[in-house]
Protein chains: 4
Amino acid sequence: MAILVAAFELLGEVGYAGLTIEGIATRAGCGKQTIYRWWPSKAHVLLEVLTVKADLYVTNADHGSYADDLRAFLGDTFRLGRQQRVVDILRVLMAEAQINEEFGELFRVAFLQRRRDALQVVLDRARARGDLPPRPTPSTVMDIVFGTLWYRLLATRQEMGDDLVEDLVATLTQAAQPPTDQEIDLGDPQ
Amino acid sequence: MAILVAAFELLGEVGYAGLTIEGIATRAGCGKQTIYRWWPSKAHVLLEVLTVKADLYVTNADHGSYADDLRAFLGDTFRLGRQQRVVDILRVLMAEAQINEEFGELFRVAFLQRRRDALQVVLDRARARGDLPPRPTPSTVMDIVFGTLWYRLLATRQEMGDDLVEDLVATLTQAAQPPTDQEIDLGDPQ
Amino acid sequence: MAILVAAFELLGEVGYAGLTIEGIATRAGCGKQTIYRWWPSKAHVLLEVLTVKADLYVTNADHGSYADDLRAFLGDTFRLGRQQRVVDILRVLMAEAQINEEFGELFRVAFLQRRRDALQVVLDRARARGDLPPRPTPSTVMDIVFGTLWYRLLATRQEMGDDLVEDLVATLTQAAQPPTDQEIDLGDPQ
Amino acid sequence: MAILVAAFELLGEVGYAGLTIEGIATRAGCGKQTIYRWWPSKAHVLLEVLTVKADLYVTNADHGSYADDLRAFLGDTFRLGRQQRVVDILRVLMAEAQINEEFGELFRVAFLQRRRDALQVVLDRARARGDLPPRPTPSTVMDIVFGTLWYRLLATRQEMGDDLVEDLVATLTQAAQPPTDQEIDLGDPQ
DNA sequence: GGCTAACCGAGACGGTACGTCCTGTCTTGCA
DNA sequence: TGCAAGACAGGACGTACCGTCTCGGTTAGCC
């Protein structure tokens, strides 16, 4: 759809604050009404861009152990977080979700919750398998996994690398292998 | 300052989207120019409201052990996260930081970094004391602590209770005590 | 035709400014295209409403004298001017004729000229009969007759009564009978 | 005022139907709000253009007799009717007055009534002088004078010449001099 | 009696203008 | 002199209609 493409391109060119329905319509060569007919705000358009654009599918296939499942899940998830265009959209959608209550509700239900559901599968399988550690609780695992992801997207904008994946897997599975040397940082790099 | 009070009240009444410089000026009984003289945007006004309003000071006094220091830090921090008015401001400031690059820079430097600096003190002391576990690395500890906080503020809007503090402290200090029964939840409560 | 009825009703309900092709179509239960197929604008629709609705026929039968012919013509004509619904349509059509050049041309040819033609018959007969006064000239008679009619419709919105008919007949036939007492007004009643 | 000039010029260039507040604002180099701040519609702007532009003052000085007063009044009035730009404005204002009730009221009070007041002075003087004929009544004189004027403006768009002035003066003063030859027309020239 | 073609309601579409709201700047006039 | 009040150019909002266009579901005519 020309509208989604236009919205996506303009986001890159003028930023979210400079993104307007009028601008999208002009770029897409359509009337404003056509956009309003299908989406109530620019954020809704971008949410659809995200859905169409990004391969949001994260495998939660069985890798035999909780640690391996988690490693795969985090790897897949963080990989999305390295695509700048996807990140740009995620950031502004989370922002809009804070400002526009109606969109916030949609974003939580249609996006955030689905991510949680995917991780829930991994946790359920671990519990069934019996290798889910007592600490942290599943709920806290979710907070830690998605919290770390979003905090890096929104606040520090640090790259999310494999070392972080390993550190999280180790922490969440209580695997007390000492970290490799280069993983140790002595302060706050932000 | 009447302007800060007006901005704070209006945020509660009309929300961030409905908050305008004109509205603040009218409520405060001043001219728009007076506001522009001191702050370049409504977000900057709210950042100052936050600074003035909330007791953002978090003790990082020495409690004798890494676990106790962390427990105190998390308790103080999460306590702020239970004040609705403070949370409202935090959420919209983080949102604005995603949308307005110039404000984002200020917010990271003047607010987010200060929170990290406070936690850094705790981590430094733990390392000096020798009870900092090898996993997770200090950087990851920051991501987990602040990530969890912000994720709950922005995404799930779950209350941040003492059970979460304990779970995080246990996880971060690798203290393998099993959680108490009521801390275990078997699914996703969001 | 349902379309004409719908247009007529809506004119009464929402006025000419609020009258739209879409509204007519909705009310008539037809598609917009169907209206556009037959009439190029809402004014054209109303012109047809007028033609269908109002009995626009004005007798110009021979009453034996110029004065009596004129009296009959004015009586018939002014009678139309007392039907509010007809007046409403006449007013907006004359208005549209000022604004839309193409419609104006049609209105003059298809409506205004026909009225003039009817009066022309009266004047021709008077001339043939020899009782057409030298003043005012036939052209001026038309201006006075239709001018007075339209001026009252458009500008003063005064009722057009029999006293006006008599006054005009007397003036145009130079019949110098003094007016009856109640016809004399000492000022401007508008 | 740049806005009045812009409105006036655009009326000539694109016509009343094509005249928009946006267009006026663009041409005048101002914001739309500035126009809305002072006038509620494009018709109101044009009414002010008319007031500013046209020398609407019509002398009603005493010329010694009713006939001469009337001749002077008609001459002055019809002279305005020969200025195309003034006529264009008058036509669309009368049109708008039919369509927009609120503007119609203003137009009648602030424009049409003032013209009537001017003629009323002439009639009052004639009555005082004793040379006001019994027919037609003052009210009908107004209808005839302004009716003829407006009818020619709106309907026939015929030029208003001195012969018409003479014909009306003769008719209204019952001066039964036969018209000169060239004043006689044998039909309807429209 | 079944197939096809014309018709027509419904309404999406690219547009244009509406009238409102707010921006950030500038000017005015009061205290 | 400093500030409230608010006018100003500008620009986006979301809405209403415009006149054009496609889409399907009838309906009627023809084989």
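To find a chain, count down the sequence lines: A is the first, B the second, and so on, and within it residues start at 1.
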Enquirer: Quick one: NE2 on C:H44 to CG on C:L93, what's the gap to the nearest 0.5 Å?
Expert: 10.0 Å
Enquirer: Mark yes or no: D:R115 above the aromatic ring of D:F111, with NZ or CZ under 6.0 Å from the six-membered ring centre and no more than 45 degrees from the axis.
Expert: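 Flagged: D:R115 positioned over aromatic ring of D:F111.
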Enquirer: If you measure from CZ on B:R108 to CG on A:L154, what distance do you get to the nearest 0.5 Å?
Expert: 10.0 Å
Enquirer: Within the side chain of D:K53, is there an N or O that forms a donor-acceptor pair under 3.5 Å with the backbone of D:L4?
Expert: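 No; zero donor-acceptor contacts below 3.5 Å.
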Enquirer: Please work out which residues in residues 15-43 of chain C have a non-hydrogen atom less than 4.0 Å from an atom of DNA chain F and list them by number.
Expert: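 Within this stretch, C:T20, C:I21, C:E22, C:K32, C:Q33, C:Y36 sit under 4.0 Å of the strand.
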Enquirer: With side chain to side chain contact (heavy atoms under 4.5 Å, CB included) as the criterion, how do A:W38 and A:E48 come out once you've worked through the C-alpha distance, each side chain's angles and the decisive distance to 0.1 Å?
Expert: CA-CA 11 Å; A:W38 299 103; A:E48 183 150 341; over 6 Å; no
